[in-house]
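So that the names make sense, note that chain A is the first sequence line, chain B the second, and so on, each numbered from 1. Everything quoted here is computed from the prediction, not taken from an experiment.
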Number of protein chains: 2
Amino acid sequence: MDFVSHLTNNNIKPSLQRIKIFEYLYDNRKHPTVDTIYSNLVEDIPTLSKTTVYNTLKLFIDNGITATVTIEDNEVRYDAIMEEHAHFKCDTCGNVYDVEIDISTLKFKKIKAFKVETTNIYLKGKCNKC
Amino acid sequence: MDFVSHLTNNNIKPSLQRIKIFEYLYDNRKHPTVDTIYSNLVEDIPTLSKTTVYNTLKLFIDNGITATVTIEDNEVRYDAIMEEHAHFKCDTCGNVYDVEIDISTLKFKKIKAFKVETTNIYLKGKCNKC
DNA sequence: TCTAAATTTGTAATCATTACAATTTTATAA
DNA sequence: TTATAAAATTGTAATGATTACAAATTTAGA
């Protein structure tokens, strides 16, 4: 993945901060919170501000290269994988994993009344390590 | 629905506040926020405190008669309908609707690695009124 | 009725997020 | 290269939802 091209292709000027934040999201795939992103990246970029992390993530979301994961009501996580997938959170270890899924198999009733544009599927339970 | 029995059957002492809050959730089915619940009920119960609304909802959740709806990352909503269903939020009017769904039709790949206990499905788009 | 336990309430504290202005960096044109 | 404007980043303060906690009230049982 060429992060600079990816940002540029999505109308985002590739500053150092933006490249690093996207790279972190894309490479780690752990659906981190703002605090986690900030804590990890401030080691690389000592001047980094948490406001920049917020601003940048909002920019990414507005330009369609990042999505929020709201699997818990008290923490917002971020995800740079935009292909169709669900999320599973282990109640024991707290990790959030990607789950491949075929949303087209979902059968709704009375769904004709709505024009669905986005679908989010969140699963919880216990992972095989716990 | 006999709210007093429902609370009692779930080990919740049926105080006036608890009955009214559950009744509001169950009858309105609009997936309200804490503020909405408080604003509406304080007309009936002038002494009502927002802390009581928070405490009571937490009690309901712990005892399995209420669930949170985290379809947006900046607002927590509450739902007293515990039967399997998905939620649809209209991006235009902001209303959240229940959607009947058969979760058993969902086909996961590699899901064997996880023991799924709860499933939440959130849809967004445009409703037929907007 | 009396006492203890449970519930409710109001206030203060906490924490994530946003607003905003100042600073720094980048891009452009002379 | 230098000057200037625009964009991006930063730090601090403000906001708003939620929680902590102690006081007040209500309920239940002896």
Tell me: CD1 of B/Ile12 to C1' of C/dT7, nearest whole Å? 13 Å
Tell me whether A/Thr56 contacts the main-chain N or O of A/Thr52 through its side chain, where contact means a donor paired with an acceptor under 3.5 Å. yes
In whole angstroms, how far is the P atom of C/dT18 from the CG atom of A/Asp62? 11 Å
Once you apply a heavy-atom cut-off of 4.0 Å, does A/Asp35 come out as touching a base, just sugar-phosphate, or nothing? sugar-phosphate
Closest approach of B/His31 and B/Arg77, non-hydrogen atoms and distance? O-NH1, 2.8 Å
Closest non-hydrogen atom pair between A/Phe88 and A/Val99, with its separation: CB-CG2, 3.7 Å
Under 4.0 Å, counting only non-hydrogen atoms across every strand here, what does B/Ser15 touch: a base, just sugar-phosphate, or nothing? sugar-phosphate
Side chain of B/Thr52: nearest nucleotide among D/dA7, C/dT9, D/dT9? C/dT9
Could you tell me how far apart B/Leu16 (CG) and D/dT27 (P) are, to the nearest whole angstrom? 9 Å
Between P on D/dA8 and CG on A/Leu59, what's the gap in Å once rounded to a whole number? 8 Å
For A/Tyr38 and D/dT10, give me the distance from atom OH to atom P, rounded to whole Å. 9 Å
With a 4.0 Å cut-off, would you call B/Asp98 and B/Arg29 a salt bridge? no
For B/Asp73 and for B/Arg18, locate the closest nucleotide of DNA chain C by heavy-atom distance; then report the residue assigned to the nucleotide nearer the 5' terminus. B/Arg18
For the pair made of CG in B/Leu48 and P in C/dT7, what is the distance, rounded to whole Å? 16 Å
Nearest to side-chain heavy atoms of A/Thr51, which nucleotide of C/dT9, C/dC20, C/dT17: C/dC20
I need the CG-P distance between A/Asn55 and D/dG11, as an integer number of Å. 13 Å
Select base, sugar-phosphate, or nothing to describe what B/Glu75 touches, counting heavy atoms under 4.0 Å on all strands. nothing
Along DNA chain D (nearest heavy atom to each residue), the more 5'-positioned of A/Gln17 and B/Tyr54: A/Gln17
Quick one: A/Lys50 NZ to C/dA19 C1', roughly how many Å, whole number? 17 Å
Considering all heavy atoms, the nearest A/Ile65-A/Phe22 contact: O-CE1, 3.5 Å
Checking all strands, does A/Asn74 fall into the base, sugar-phosphate, or nothing category for heavy-atom contacts under 4.0 angstrom? nothing
Classify B/Thr47 by what it touches in the nucleic acid, base, sugar-phosphate, or nothing, heavy-atom distance under 4.0 Å. sugar-phosphate
